There are 2 protein chains.
Amino acid sequence: MAEQDKTTEKKILDAAKIVFLEKGFDGARMQEIADEAKINKALLHYYFRSKDKLFDAIFKDAFQQFLPHIAEIMMTEKPLFEKLEAFIDSYITMLSNNPHLPSFVMHEINRNPERIVNIIKGSGIKPEFLEMAIQKEVKAGVIMPVKPIHLIVNIIAMCLFPFMARPIIQGFMFNDSPEAYKKFLAERKKEVTSFIINSIRKK
Amino acid sequence: MAEQDKTTEKKILDAAKIVFLEKGFDGARMQEIADEAKINKALLHYYFRSKDKLFDAIFKDAFQQFLPHIAEIMMTEKPLFEKLEAFIDSYITMLSNNPHLPSFVMHEINRNPERIVNIIKGSGIKPEFLEMAIQKEVKAGVIMPVKPIHLIVNIIAMCLFPFMARPIIQGFMFNDSPEAYKKFLAERKKEVTSFIINSIRKK
DNA sequence: GTCTATATCGGGATAGAC
DNA sequence: GTCTATCCCGATATAGAC
């Protein structure tokens with residue numbers, strides 16, 4: 001859809017997402033969002049009554065996108081290691097297209113921790129489901145006995161962290177070379193997958 | 001040292017650290033820092049000419065603290081797996097005492113990526129050193145052939161992430177129970193260490 | 001629905017007394 | 001070195017014309 005064909009509301013939401021994700025709520029300016037959307041400030045308030053309400057719309061959406069769709073992949077009938085590979089691949093791909101998502105969400109949930117409870121409650125995700133799926137594999141003897149919660153946190157952490165830490169990784173580890181960072185990201189799907197499988201595979 | 005015995009400068013720095021780490025630069029208010037330090041706003045500007053300069057002092061300090069002192073531990077003569085255990089233990093302990101450090105640093109380096117280059121340049125840390133240390137262990141046959149950079153990123157990621165994601169982990173995974181979250185953190189040193197060693201140990 | 005102009009207020013920074 | 005009072009700008013939000 002061409003830029004000028006979008007509805008004004010859509011233009012605002014797209015612009016707000018760009019600015020909020022880069023600057024965070026406190027750093028974002030309504031003027032900058034208006035400029036990005038190529039409209040004027042007053043229109044922002046016509047469509048969304050306040051900065052808060054506009055932010056809520058963006059955050060809710062971003063958080064849903066950020067939440068790993070790990071459950072869906074776990075539901076498929078593939079063997080565990082293939083599920084794992086599929087999840088890591090799709091999650092890192094999504095983050096590559098939304099590189100600011102991790103640091104944005106992490107910052108905002110720390111700024112306002114209460115907010116997320118309501119959002120997640122509404123999403124219908126249940127943590128027990130995931131835990132049980134992993135426990136099942138342990139009992140079946142496919143993987144070593146691991147505490148599910150730690151395994152889940154480890155997987156998510158290794159996927160997210162490289163995006164949040166880009167300035168350090170690229171600027172410090174790779175002498176500020178964007179190409180080296182891109183190469184690193186490309187390798188990562190395979191590296192993370194095999195790192196995890198190596199760790200939990202039954203010996 | 002009792003609160004009232006501290007020099008004014010120290011009181012300001014302590015207060016600023018608390019407020020900046022919780023709210024970030026954009027969310028922090030000079031008034032709140034003054035209140036926290038139990039002095040008035042004008043005195044802040046007397047000691048540090050601007051919010052920017054005060055922030056710089058805090059950030060530089062926080063970032064140094066945040067940078068894993070992984071190199072020092074690698075220098076010791078212990079076997080690799082013991083070094084690994086020692087590092088994870090000391091890093092998670094430090095973060096437990098500074099739980100806001102990870103999300104603060106991550107947010108601020110994304111808000112202003114250029115800044116960190118200068119800070120790291122001045123710290124004298126060299127990434128090659130770490131890479132070589134890991135390569136040596138690979139050649140010596142102690143561990144599986146792994147790409148050093150990915151291993152390093154994985155280790156740091158698994159240490160930091162639980163602190164940044166506390167609202168999600170505690171609020172969602174643990175039904176908002178601080179006790180369950182604390183227990184989870186306590187388990188984590190052992191879990192992360194064995195997770196890594198399991199993955200890279202020569203089979 | 002979209003614009004220009006303006007009200008209002010919060011917050012960083014400074015002046016000046018003590 | 002520490003305080004009170006104040007300046008002034010920038011940012012959210014609204015009024016009102018078209």
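It should be emphasised that the depicted structure is a prediction, and the values quoted were computed from it without experimental measurement. So that the names make sense, note that chain A is the first sequence line, chain B the second, and so on, each numbered from 1.
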In residues 53-77 of chain A, what donor-acceptor pairs under 3.5 Å come from side-chain atoms, sequence neighbours left out?
residue, atom, partner, partner atom, Å
D56(A), OD1, R115(A), NH1, 3.0
Q65(A), OE1, K17(A), NZ, 2.9
T76(A), OG1, I73(A), O, 2.7

Base, sugar-phosphate, or nothing: which does Y47(A) touch, judged by heavy atoms less than 4.0 Å apart?
sugar-phosphate

Ordered by number, residues from residues 20-34 of chain A within less than 4.0 Å of DNA chain C (heavy atoms) are none

Heavy-atom donor-acceptor pair, K41(B) side-chain to dG12(C) base, under 3.5 Å
yes

Atom NZ of K53(B) and atom C1' of dA13(C): how far apart are they, to the nearest Å?
12 Å

Between F20(B) and F104(B), is the gap from one ring center to the other below 6.0 Å?
no

Test salt bridge (Lys or Arg N to Asp or Glu O under 4.0 Å) on K182(A) and E179(A); report intermediate values, then the result.
CA-CA 5 Å; K182(A) 273 194 125 169; E179(A) 294 76 24; over 6 Å; no

Ring pair (Phe, Tyr, Trp, His ring centres under 6.0 Å) for F184(A) and H150(B)? Distances and angles first, verdict last.
CA-CA 8 Å; F184(A) 163 79; H150(B) 289 282; 4.7 Å; yes

Starting from C1' on dT14(C), measure out to CG on L44(B) and report it in whole angstrom.
14 Å

So for atom CD, which belongs to E85(B), do other residues, nucleotides or ligands contribute more than 12 heavy atoms lying within a distance under 6.0 Å?
no

Does any part of the side chain of I88(A), heavy atoms only, come nearer than 4.5 Å to the side chain of I196(A), both counted from C-beta?
yes

Determine the sole option in N98(A), I92(A), I169(A) for which the side-chain contact (heavy atoms from CB on, under 4.5 Å) test with F163(A) is passed.
I92(A)

Determine, step by step, whether K183(A) and E187(A) satisfy the side chain to side chain contact (heavy atoms under 4.5 Å, CB included) criterion, reporting the C-alpha distance in whole Å, the side-chain angles of both residues, the deciding distance to 0.1 Å, and the verdict.
CA-CA 6 Å; K183(A) 181 164 159 288; E187(A) 290 168 356; 3.4 Å; yes

For a 4.0 angstrom threshold against heavy atoms of chain B, report the outermost contacting nucleotides of DNA chain D in 5' to 3' order.
dG1(D) to dT4(D)

